[in-house]
Amino acid sequence: MIRNNAQAMVSLCRDHGITPVGITKLARGACEVAQAFIDGGIKTVGDSRIGNLENMAGMPVEKMLLRIPQVSRAVDVVTYADISLNSEPRTVRALSAAAAALNRTHKVIVMHDLGDLREGCFRAEDTVALAKLVLDLPNLELEGVGANLACYGGVEPTTENQQTLVDIGRRIERELGVRLHTVSGASSAGLPLLLRGGMPAGVTQLRLGASLLMGIGLNDDPIPGTTQDAFELGVEIIELKEKPSVPINSTALDAFGNKPEFEDFGNRQRAICALGKQDIDFEQLIPSDPAIRIIGGSSDHLILDVTDSKMNYQVGDAVYFSLSYGGVLQAMTSDYVRKTYRNAKKAERLAEAA
């Protein structure tokens with residue numbers, strides 16, 4: 001499914017003169033997922049965590065660090081990432097020193113803030129100055145300019161703000177006498193604009209994660225030509241008993257310091273499953289069996305009401321859920337959730353799973 005999504009997005013982007021970067025952070029940098037991207041035609045893989053890129057060290061693909069680098073990790077950034085997104089002069093100086101020490105050339109995309117108020121220089125002149133610094137420093141290559149949208153501030157990619165980024169890129173080229181290889185416009189949130197024909201010429205790259213992995217874009221809307229069910233969470237029933245709906249003489253706070261409230265539905269068939277709030281926010285779970293109701297749980301236990309289900313659940317059976325974006329992120333990050341990859345090709349270095 002992920003490979004097919006990648007193929008669909010590579011084809012869509014190619015038709016508009018855009019090269020997609022496959023972002024693996026939602027899958028915790030799993031090498032199996034990165035391999036599916038590669039098999040689908042992705043040429044550059046990106047992740048927010050250096051450790052995830054390190055796991056992919058043996059894979060034959062260009063690697064991008066998605067989160068702006070830490071000065072303290074400059075050597076690791078240059079070692080495991082071919083390219084990084086940057087907004088700070090001190091950081092690019094550290095990357096230059098690390099690249100020189102390792103006798104490598106590291107590519108830099110300077111980030112401009114288009115109003116989402118996450119990373120990037122806020123004034124165009126500062127973005128141009130940062131680009132000049134990259135050009136002046138040894139062992140760095142100015143790859144291009146980029147921006148992030150629809151992540152922290154919820155600012156939607158539009159023709160206007162994407163054109164602003166293109167114009168800044170052209171200003172850098174004009175004032176510094178260079179040619180940029182990349183204008184990295186947005187994430188999967190930019191795909192609806194692309195599909196509407198509103199992406200301006202000059203945007204050459206989109207950083208795609210949610211669309212490749214979950215088939216969704218802006219506001220979690222499905223992207224045509226992709227599938228939305230690549231991830232499924234199965235949890236095992238470890239207790240199945242009929243019990244009252246309301247605890248007996250409940251007066252104390254729960255394990256998370258909250259005063260719980262309960263509605264009396266009488267005696268119900270309750271299934272306790274081996275999953276807890278330590279692994280995932282229960283609000284991110286959507287039961288595949290519509291007759292199941294999530295009652296609640298604790299750090300280690302998920303409690304379900306299975307009374308109305310037509311399934312004859314037994315202790316040891318699995319109950320399945322689809323997940324929101326946040327749910328996939330949490331489940332993939334938890335070392336207590338075992339990951340199984342269907343029809344996955346063996347990558348050179350496999351990510352460890354619990």
Side-chain angles (χ1 to χ4, degrees), residues 1-6 22-40 45 47-59 209-210 212-216 227-240 255-256 270-289 292 294-304 306 309 311-354:
M1 295 179 181
I2 292 173
R3 180 171 57 252
N4 292 341
N5 283 355
I23 305 302
T24 60
K25 73 170 187 176
L26 186 62
R28 198 185 177 184
C31 291
E32 294 88 346
V33 170
Q35 188 63 53
F37 284 177
I38 295 168
D39 294 342
V45 170
D47 202 282
S48 297
R49 313 289 170 150
I50 285 292
N52 292 343
L53 295 180
E54 182 179 359
N55 287 339
M56 302 178 204
M59 303 188 72
L212 273 62
L213 292 167
M214 299 184 67
I216 58 175
T227 184
Q228 287 73 51
D229 56 355
F231 290 87
E232 183 179 57
L233 177 65
V235 297
E236 185 175 340
I237 297 174
I238 56 177
E239 179 183 294
L240 187 64
F256 292 85
R270 296 156 61 93
I272 298 181
C273 298
L275 183 79
K277 294 181 180 180
Q278 186 171 353
D279 307 301
I280 199 167
D281 177 0
F282 297 157
E283 292 184 357
Q284 310 299 320
L285 301 174
I286 304 102
S288 298
D289 182 345
I292 288 178
I294 298 174
I295 300 174
S298 61
S299 57
D300 301 310
H301 300 88
L302 169 66
I303 305 175
L304 309 173
V306 299
S309 176
M311 300 292 294
N312 183 28
Y313 290 110
Q314 302 292 325
V315 170
D317 288 349
V319 179
Y320 292 95
F321 299 86
S322 57
L323 304 161
S324 67
Y325 178 95
V328 172
L329 185 66
Q330 292 167 347
M332 290 298 295
T333 301
S334 175
D335 286 331
Y336 301 112
V337 176
R338 181 169 58 89
K339 288 79 176 176
T340 302
Y341 301 93
R342 297 173 184 163
N343 303 318
K345 290 186 178 180
K346 184 175 178 61
E348 290 189 37
R349 297 182 64 181
L350 296 181
E352 293 182 359

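Atoms considered below: every heavy atom in the structure, side chains included; atoms not considered: hydrogens, waters and symmetry mates.
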### Contacts of Glu239 that satisfy salt bridge (Lys or Arg N to Asp or Glu O under 4.0 Å) - sequence neighbours left out
Lys243
### Query
Roughly how far apart are Leu323 CG and Asp281 CG, rounded to 0.5 Å?
11.5 Å
## Note on the structure
Heavy atoms of Ile238 and Ala274 approach each other most closely as CG2-CB, 4.1 Å
### Query
Taking all non-hydrogen atoms of both residues, which atom of Gly327 and which atom of Ile280 are closest, and how far apart?
O-CD1, 3.5 Å
### Task
Could you tell me whether Arg49 atom CZ has more than 12 heavy atoms of other residues or ligands within 6.0 Å of it?
no
### Close side-chain approach of Leu213 to Val328, heavy-atom, < 4.5 Å
no
### Message
For Glu232 versus Ser288, what's the shortest heavy-atom pair and its separation?
### Response
OE2-OG, 4.4 Å
## Note on the structure
CG of Leu53 to CG of Asp47, rounded to nearest 0.5 Å, is 5.5 Å
### Query
Under the side chain to side chain contact (heavy atoms under 4.5 Å, CB included) criterion, do Asn52 and Lys25 qualify, and how do the steps go?
CA-CA 8 Å; Asn52 292 343; Lys25 73 170 187 176; 5.6 Å; no
### Summary
Heavy atoms of Leu212 and Gly22 approach each other most closely as CD2-CA, 3.9 Å
#### Entry: Phe321 side chain reached by Leu275 side chain, heavy atoms, under 4.5 Å
no
### Task
Would you mind reporting whether Val306 and Val319 have side-chain heavy atoms less than 4.5 Å apart?
no
#### Entry: Distance in Å, Thr340 OG1 paired with Arg338 CZ, rounded so as to fall on 0.5 Å steps
4.0 Å
### CD-CG distance between Gln314 and Asn312, expressed to the nearest 0.5 angstrom
4.5 Å
### Query
Should Leu302 and Leu285 count as side-chain neighbours, where that means a heavy-atom distance under 4.5 Å?
yes
### Gap between atom CD1 of Ile286 and atom CD1 of Ile294 - 0.5 Å precision
8.0 Å
### Task
For the residue pair Asp300 and Gln278, establish whether any side-chain heavy-atom pair is separated by less than 4.5 Å.
yes
### Task
Sequence neighbours left out, what pairs pass side-chain hydrogen bond (donor to acceptor under 3.5 Å, both in side chains) with at least one residue falling in residues 315-331?
Gln284-Ser324
### Residue pair Ile216, Gln228: steps toward the side chain to side chain contact (heavy atoms under 4.5 Å, CB included) verdict
CA-CA 7 Å; Ile216 58 175; Gln228 287 73 51; 4.3 Å; yes
### Message
Do Tyr313 and Leu304 have side chains that approach each other closer than 4.5 Å (heavy atoms only, starting at C-beta)?
### Response
no
### Message
Looking at every heavy atom in both Asn5 and Gly215, which two are closest together, and how far apart are they?
### Response
ND2-N, 4.0 Å
### Task
Just jot down the side chain to side chain donor-acceptor pair (under 3.5 Å) partners of Asn4, sequence neighbours excluded, or say none.
none
### Minimum-distance pair of heavy atoms, taken over all atoms of Met332 and Arg28
O-CD, 3.3 Å
### Task
Give the C-alpha distance, both sets of side-chain angles, the deciding distance and a yes or no for side chain to side chain contact (heavy atoms under 4.5 Å, CB included) between Leu26 and Met214.
CA-CA 10 Å; Leu26 186 62; Met214 299 184 67; 3.6 Å; yes
